[in-house]
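Before any comments, here is the structure.
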Amino acid sequence: MENLIALLVAAPLVGAALLLCGGKRLDRTGHLIGSLFAVASFAIGVALFADLLGRGAEDRTLHQYLFSWIQVGGFRADAAFQLDQLSMTFVLLITGVGSLIHIYSIGYMEHDERRRRFFGYLNLFLAAMLLLVLADNYLLLYVGWEGVGLASYLLIGFWQHKPSAATAAKKAFLVNRVGDMGLSIAIMLMFTTFGTFAFGPVLAATGETSEGKLTAIGLMLLLAACGKSAQVPLQSWLGDAMEGPTPVSALIHAATMVTAGVYLITRSGAIFNAAPDAQVAVVAVGAVTLLFGAIVGCAKDDIKKALAGSTMSQIGYMILAAGLGPIGYAFAIMHLVTHGFFKAGLFLGAGSVMHGMNDEVDMRRYGGLRTYMPVTFITFGLGYLAIIGFPGLSGFFSKDKIIEAAFAKGGTEGWILGGAALLGAAITAFYMTRVMLMTFFGEKRWDPDTTHPHESPKVMTIPMIVLAVGSVFAGGLFSVNETFVKWLEPVTSFEHGHSPVSATTVTAATMVVLVLGVGLAWAMYGRRPVPATAPRGSLLTRAARRDLLQDDFNHVVLVRGGEHLTRTLVYLDHSLVDGAVNGTAASMGGLSGRLRKLQSGFVRSYAVQMLGGAAVLIAATLLMRGV
Amino acid sequence: MSSVASVHSLWTVAAEVPGRIPAPHIEYAQLSPTLIVLGAAVIGILVETVLPRSSRYYAQLALSVVALAAAFAAVIGLAAGGFGSSKARIAAMGAIAVDGPALFLQGTILLVSLVAVFTFAERRLDPAAHGKKVDSFAAQAAAVPGGAAEQAAVKAGFTTTEVFPIALFAIGGMLIFPSANDLLMLFVALEVFSLPLYILCALARRQRLLSQEAAVKYFLLGAFSSAFLLFGIALLYGYAGTVTYAGIAEVVSDGAKQIDPALAGTMGNDALLLIGAALVLMGLLFKVGAVPFHMWTPDVYQGAPTPVTGFMAAATKVAAFGALLRLLYVVLPGMRWDWRPVMWGVAIVTMLGGAIVAITQTDIKRLLAYSSIAHAGFILAGVIATSEDGISSVLFYLGAYSFVTLGAFAVVTLVRDAGGEATHLSKWAGLGRRSPLVAAVFAVFLLAFAGIPLTSGFAGKFAVFKAAAQSGAGWLVVIGVISSAIAAFFYIRVIVLMFFSEPKADGPTVAVPSPLTTTAIAIGVAVTLVLGLAPQYFLDLAGQAGVFIR
């Protein structure tokens with residue numbers, strides 16, 4: 001069976017190659033080909049999953065060796081794959097949700113003349129992400145990591161005729177490069193520390209390595225994760241990435257890209273377990289981001305940007321959980337999967353709304369759409385209930401466990417993290433209710449003459465329905481008998497946390513904040529009519545609309561600072577470096593001109609110089625002997 | 001056998017049978033390369049007296065080519081017969097060594113000379129005078145420049161076909177120089193190849209005054225340095241009581257065993273050794289053109305007929321470095337702690353001096369002269385290594401460098417305007433646009449001089465610097481690399497000038513040469529590229545030839 005692993009990556013890769021190199025003759029069938037390869041990859045994933053289930057829990061790690069990629073001296077990198085429970089989970093999520101998004105895109109991109117190319121990029125995205133989660137060493141993972149960066153760049157900037165899209169793509173790419181640098185430094189550190197970067201030897205050797213080195217590697221891995229997963233301080237690209245077509249947002253936010261950071265930290269669990277300082281940094285980043293994203297989500301009127309803030313916040317939960325160590329890894333991944341269902345559903349729902357509303361994204365121009373788009377309303381509504389953690393739905397199970405684990409961290413730290421997670425849950429309930437109310441309830445704020453809201457075609461609604469089903473049942477299914485935790489335990493290990501507050505208390509508290517959040521939103525947006533133009537708002541609201549001034553911060557600190565640094569360097573280059581070079585050249589020229597005068601053309605002076613030379617030669621020889 | 005013993009036996013034999021001197025034992029076969037060349041030179045003189053003017057050119061050319069080819073074949077035969085390795089021996093009553101380095105250097109000299117003779121024989125570059133083809137040499141060397149006799153000679157279509165036998169004499173001397181095994185033979189060989197070179201320098205057809213001035217300068221300074229050399233030989237004889245290399249080496253390392261009564265006051269006196277060694281070294285450093293004994297180089301290179309310049313720059317350097325190697329490795333290894341620091345100094349000032357002064361040169365021949373000084377410095381770095389790698393790297397460098405030099409000077413003969421060769425650099429501007437092939441070939445040679453990879457220059461420089469670094473002179477290598485960087489500037493400058501400057505309206509034209517010069521240039525390019533792309537075979541060859549016989 002292990003020989004099938006490469007096919008998982010190969011299928012979408014072949015699809016991408018076909019579609020991108022095939023030219024115009026594939027224009028009419030390109031979307032079908034692309035979807036076919038995505039579904040094929042999913043089918044292989046399911047087959048492998050069935051195979052894994054048939055094995056014992058300790059026997060579920062498969063390896064496939066392809067070829068020796070680079071071998072120079074002691075440096076050895078193989079192209080080899082590793083499939084275990086963790087990668088399997090990702091494979092099913094990526095290919096499953098990815099396939100649904102492919103199918104949805106058939107309808108969504110129907111009128112785009114570059115649809116074939118779009119599907120080629122989608123396939124490339126899947127292939128890169130699969131390579132990332134299937135690699136058996138950090139270097140090959142890095143290849144997938146960069147491939148994801150490339151594919152996201154191509155897709156965010158897909159509508160390149162819009163300057164904003166081109167800028168957003170560049171921004172995403174550049175911010176991601178900062179994170180990528182972290183990963184490459186981490187890999188180099190690994191090589192100098194362990195002499196290899198294959199998962200097996202590296203993760204097994206953490207016990208014999210100094211904590212300082214592991215902390216350094218851990219922090220660099222965290223930097224990498226921050227870039228791909230849009231965590232503070234590298235979060236700024238995520239909101240702008242909404243410039244891409246909506247299916248792309250769904251793909252980036254649910255199945256690929258932002259989950260890569262969580263995967264990296266979970267995969268490198270052994271390193272973080274042995275480096276508590278790095279773990280503190282991870283949970284701090286997670287806690288800050290989950291609040292940051294949630295606050296931003298409250299103030300956005302653009303439906304996609306509100307959802308983007310939500311993604312940032314939810315990934316913050318996952319990073320927080322991953323930073324908790326063995327008590328949290330499994331829940332981080334579980335939340336990742338359930339989030340994959342409901343966030344994909346929400347984005348596809350948002351896309352469906354836009355599809356029926358002439359690509360309008362401002363929620364202040366929506367309102368009362370539930371009767372016009374019943375399927376979208378129901379599926380979006382189920383996703384909404386799931387994300388706020390309505391009892392019995394997916395999000396309830398996974399988020400509740402994370403909050404519980406945060407308290408279980410213990411001590412003051414536990415209280416702070418648990419409090420932040422609870423607060424985040426309240427804000428989540430608030431902003432998601434706000435989105436729901438502004439879009440589907442209240443009076444119509446759109447112009448009936450120009451806008452004719454309608455339900456989307458079946459090719460779009462069916463994926464939404466499938467995802468809604470997942471949003472409802474996945475969490476519950478995973479939690480029966482702790483199935484999911486047990487499935488992952490051989491890879492991530494698992495410990496029950498010892499929470500200072502009982503599980504029941506946590507659940508109760510979560511319910512209370514949930515009701516508070518929903519109630520506040522109802523009071524603000526349900527009871528009162530929503531103004532069609534945004535009010536000025538409080539200082540916090542205005543800051544949150546500007547993404548809590550992230551771009552202003554980056555501009556002042558990084559751009560200005562960078563410009564100053566560049567100017568200084570250019571100045572130094574001109575004056576010092578060029579000065580030294582030109583000065584050397586000039587002084588050589590001057591020296592040359594002066595020495596040249598010795599060459600007078602007179603034999604007599606030549607002879608004198610020779611005599612002098614002979615005298616020096618003799619003197620030097622005698623001096624050496626000390627005679 | 002040592003000279004002392006032979007002299008002793010001479011004395012006893014003479015005492016027993018007065019009036020009879022036994023003929024010395026000469027290994028004609030082992031000396032055949034030199035004998036063939038010198039014999040051909042004598043025949044060449046006869047040709048000048050016997051044959052009519054009209055047929056002399058062809059006869060001399062054929063004679064020279066055949067003689068050089070035969071001598072080269074003889075060298076190959078000796079090497080194949082094992083004389084380069086297992087059967088290496090001292091011949092001619094201790095005067096000549098036949099060993100690996102000697103054969104390698106003789107082979108190199110003969111090949112270079114063969115190619116140089118092609119450029120000597122070129123008769124298509126200058127426009128025909130009075131319907132007679134002319135070469136680079138004066139119609140009648142003895143005629144006063146610009147005088148009536150000269151005009152008459154030109155009108156009569158005289159040519160100086162004596163250059164061929166003269167060159168053969170020089171080549172014969174050069175063949176002996178690196179294989180000389182006693183100091184007297186060294187001196188004789190030096191004079192045998194120097195005197196013909198002085199004459200060759202004076203033979204330019206155009207700018208005859210400049211040419212004659214160069215020859216006189218070369219002669220005066222050469223004589224001056226010969227005097228130092230001879231004085232040094234005398235001092236060394238006073239120190240060791242012998243002039244053979246092996247004999248001196250023995251005294252240097254073990255001290256004098258038998259004190260010659262006539263030399264009782266001087267033998268074993270280290271001051272004589274040190275001063276004598278310094279003076280002998282000076283004589284050789286003059287020939288290789290090392291700073292501060294380099295002053296003649298630019299003037300002579302500029303004034304001499306360009307084919308002669310190429311010949312001198314290539315072949316003389318090979319012969320002189322060969323002699324220097326043998327002196328340092330066979331005679332003076334016992335005192336290398338004395339001469340190595342001094343030679344380090346010489347190498348450094350030579351590398352830096354040549355490279356720096358070359359920056360401001362405006363004449364291509366002078367530029368190449370300073371470049372040859374800088375290269376002498378690089379080769380010295382390898383010479384000083386005192387290891388087998390040092391010998392083989394120097395042998396390789398000499399082979400590589402001599403063909404580049406010869407080729408470069410051959411290209412210089414092609415670029416001409418109304419006044420003959422256009423050697424001023426400003427006239428080379430834009431040459432690459434007008435004659436891309438010639439400019440490209442010259443660029444290859446310049447890149448090889450600069451030591452750019454994939455040319456022989458890189459392989460050679462790498463080899464000598466590696467040998468120097470392994471012998472513990474790392475800082476010498478650093479200075480060498482810095483000098484290379486400085487030198488690269490003026491080589492690249494010429495390339496930039498040729499390819500990236502606008503051609504001048506009254507710029508020079510590139511003459512179409514006969515197959516002779518074309519062959520010479522083609523061989524230069526081929527050797528440059530082959531030694532650059534696949535140097536290992538030739539490095540191995542030089543490595544096998546890297547042991548001196550004592």
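Residue numbers start from 1 in every chain, and the chains themselves are labelled A, B, ... in the order their sequence lines are given, proteins ahead of strands. Atoms considered below: every heavy atom in the structure, side chains included; atoms not considered: hydrogens, waters and symmetry mates.
- With B/W296 as reference, B/F286 is the one residue of B/F286, B/F224, B/F219, B/Y198 to meet the ring pair (Phe, Tyr, Trp, His ring centres under 6.0 Å) rule.
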- Message: Quick one, A/H574 with A/Y571, criterion ring-ring contact (aromatic ring centres under 6.0 Å, His included). Give me CA distance, side-chain angles, the key distance, then yes/no.
- Response: CA-CA 5 Å; A/H574 278 305; A/Y571 173 75; 8.5 Å; no
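- Neither the backbone nor the side chain of B/V216 comes within contact range of chain A, judged by heavy atoms closer than 4.5 Å.
- Between the side chain of A/R596 and the backbone N or O of B/T360 there is at least one donor-acceptor pair closer than 3.5 Å.
- Looking only at heavy-atom pairs under 4.5 Å with chain B, the residue among A/S600, A/A585, A/G601 that has the most is A/G601.
- Most heavy-atom pairs under 4.5 Å with chain B: of the set A/M588, A/Q599, A/R594, this distinction falls to A/Q599.
- The candidate with the highest count of non-hydrogen atom pairs below 4.5 Å against chain A, out of B/A358, B/A355, B/P292, is B/P292.
- For the set A/V603, A/T584, A/V616, A/L591, the count of heavy-atom pairs under 4.5 angstrom toward chain B peaks at A/V603.
- If you measure heavy-atom distances from B/I359 to chain A, the contacts under 4.5 Å come from both the backbone and the side chain.
- If you tally non-hydrogen atom pairs under 4.5 Å between each of A/L617, A/L595, A/L611 and chain B, the highest count goes to A/L617.
- Per-residue counts of heavy-atom pairs under 4.5 Å with chain A were compared for B/M343, B/M282, B/K217; the largest is that of B/K217.
- Taken to the nearest 0.5 Å, the CG atom of B/L368 stands 9.0 Å off from the CZ atom of B/F490.
- Within the 4.5 angstrom heavy-atom criterion, no atom of B/F489 approaches chain A.
- Across A/F197, A/W145, A/F199, A/F194, a single residue satisfies ring pair (Phe, Tyr, Trp, His ring centres under 6.0 Å) together with A/Y138, and that is A/F199.
- Environment of CZ in A/F191: crowded, with over 12 heavy atoms of neighbouring residues, nucleotides or ligands closer than 6.0 Å.
- Nearest heavy atoms, B/G289 versus B/H294: O-CB, 3.6 Å.
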